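Encoded as structure tokens, the structure appears first; notes follow it.
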Amino acid sequence: MDLKIGCVLLAAGNARRFGSNKLTAQLDGISLIRRAMDAVPGGLVTVVVSQYPEILALAGEYGFAAIYNDAPELGLSRSIRLGLTPLLDCDGVLFSVADQPWLKRESAEALTALWAQKPSKIAAMAHSGVRGNPCLFPARLYPELFALTGDTGGSAVIRQHEDDLILLETDAWELTDVDTPAALELARRRK
């Protein structure tokens, strides 16, 4: 079966804990947002949702659709709706966050391959059985994703469908997000 898979790269947050647009912060000379875009599997219909013009411009350089979130203060649910809307014809959509600098494209590709074996399920990355991002949702759950409000993300949908969750185990570092300057410094020292 030939499945059409979309991808939403969530890059609209205000980064309050970080103190500035963390996605432009550099790690080994590469910005977090470039690292996130490089990790998107090839062949997916990809949209980037952001409030930042420089990130939307970069999305275009990668050949991704750029969607402006003019009200990020409405929370994660708004970014999910904005990103999912142009992908409604996809069999499944991968949601990825833009602040996991060690996420590898190969791992994201393995996640999409795992999901393609069971396309009615939700597939997510995990370490030692603990779920992380990215997560891939089947089309049957789009209505529930659209119904999210405020700063609630896909985890709320997953909690309602725990029996439908399949996990792809990976290295803990791949799932580590950089949400503060201290976390970025720790990531720099990882090498």
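Since this is a predicted model, take the numbers as computed values, not measurements.
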Is there side-chain contact between [X] and [Y], with at least one heavy-atom pair below 4.5 Å?
{"X": "Ser77", "Y": "Asp151", "result": "no"}
{"X": "Ile122", "Y": "Pro138", "result": "yes"}
{"X": "Trp102", "Y": "Leu27", "result": "yes"}
{"X": "Thr112", "Y": "Leu44", "result": "yes"}
{"X": "Ile30", "Y": "Pro101", "result": "no"}
{"X": "Val45", "Y": "Ile5", "result": "no"}
{"X": "Leu148", "Y": "Val157", "result": "yes"}

To the nearest 0.5 angstrom, please state how far the [atom1] atom of [X] sits from the [atom2] atom of [Y].
{"X": "Glu54", "Y": "Thr24", "atom1": "CD", "atom2": "OG1", "value": "6.5 Å"}
{"X": "Asn69", "Y": "Tyr52", "atom1": "CG", "atom2": "OH", "value": "10.0 Å"}
{"X": "Leu136", "Y": "Ile166", "atom1": "CG", "atom2": "CD1", "value": "9.0 Å"}
{"X": "Cys90", "Y": "Leu3", "atom1": "SG", "atom2": "CG", "value": "10.5 Å"}
{"X": "Leu23", "Y": "Met37", "atom1": "CG", "atom2": "CE", "value": "9.0 Å"}
{"X": "Thr176", "Y": "Leu103", "atom1": "OG1", "atom2": "CG", "value": "10.5 Å"}

Any donor and acceptor pair, going by atom type alone, linking the side chain of [X] with main-chain N or O of [Y] inside 3.5 Å?
{"X": "Gln100", "Y": "Ala36", "result": "no"}
{"X": "Thr85", "Y": "Arg81", "result": "yes"}
{"X": "Gln51", "Y": "Ala71", "result": "no"}
{"X": "Arg105", "Y": "Asp38", "result": "yes"}
{"X": "Arg140", "Y": "Ser120", "result": "yes"}
{"X": "Glu174", "Y": "Ser107", "result": "no"}
{"X": "Ser50", "Y": "Ala11", "result": "yes"}

Where is the tightest heavy-atom contact between [X] and [Y], given as atom of each residue plus distance?
{"X": "Ala126", "Y": "Gly129", "result": "CB-C, 4.4 Å"}
{"X": "Gly83", "Y": "Pro86", "result": "O-CD, 3.2 Å"}
{"X": "Phe95", "Y": "Phe137", "result": "CD1-CD1, 3.7 Å"}
{"X": "Leu94", "Y": "Pro41", "result": "CD2-CD, 4.1 Å"}
{"X": "Cys7", "Y": "Val40", "result": "SG-CG1, 4.1 Å"}
{"X": "Pro72", "Y": "Ala12", "result": "CB-O, 3.5 Å"}

Report summary line: So the ring-ring contact (aromatic ring centres under 6.0 Å, His included) pairs with at least one residue in residues 104-132 (sequence neighbours excluded) are none
Query raised in the report: Do you see a donor-acceptor pair shorter than 3.5 Å between the side chains of Gln26 and Ser31?
Result: no
Report summary line: Hits for salt bridge (charged side-chain N to carboxylate O under 4.0 Å, His left out) against Asp89, two or more places apart or cross-chain, chain-then-number order -> Lys4
Are [X] and [Y] in one and the same hydrophobic cluster, where Ile, Leu, Val, Met, Phe, Trp and Tyr link if side-chain heavy atoms are under 4.5 Å apart?
{"X": "Leu141", "Y": "Leu84", "value": "yes"}
{"X": "Val47", "Y": "Tyr142", "value": "yes"}
{"X": "Leu82", "Y": "Leu88", "value": "yes"}
{"X": "Leu168", "Y": "Val130", "value": "no"}
{"X": "Leu74", "Y": "Leu76", "value": "no"}

May I ask you to say whether [X] pairs ionically with [Y], meaning some side-chain N is under 4.0 Å from a carboxylate O?
{"X": "Glu162", "Y": "Arg131", "result": "no"}
{"X": "Lys121", "Y": "Asp163", "result": "no"}
{"X": "Arg35", "Y": "Asp28", "result": "yes"}

Query raised in the report: With Ser79, which of Leu9, Leu10, Val8 fulfils side-chain contact (heavy atoms from CB on, under 4.5 Å)?
Result: Leu10
Query - Verdict with supporting geometry, Ile67 and Val48, side chain to side chain contact (heavy atoms under 4.5 Å, CB included) - result: CA-CA 6 Å; Ile67 299 178; Val48 178; over 6 Å; no
Report task. Kindly determine whether Glu169 and Met125 satisfy side chain to side chain contact (heavy atoms under 4.5 Å, CB included), including the steps that lead there. Result -> CA-CA 6 Å; Glu169 284 289 323; Met125 302 279 275; over 6 Å; no
Query - Leu165 vs Ile158, side chain to side chain contact (heavy atoms under 4.5 Å, CB included): CA-CA, chis, key distance, verdict - result: CA-CA 7 Å; Leu165 180 62; Ile158 293 171; 4.0 Å; yes
Requested in this report: Would you please name every residue forming a ring pair (Phe, Tyr, Trp, His ring centres under 6.0 Å) with Phe146, sequence neighbours left out?
Outcome: none
Report task. Any chance you could lay out the side chain to side chain contact (heavy atoms under 4.5 Å, CB included) test for Arg78 and Asp70, step after step, and finish with the verdict? Result -> CA-CA 10 Å; Arg78 177 168 172 77; Asp70 62 345; 2.4 Å; yes
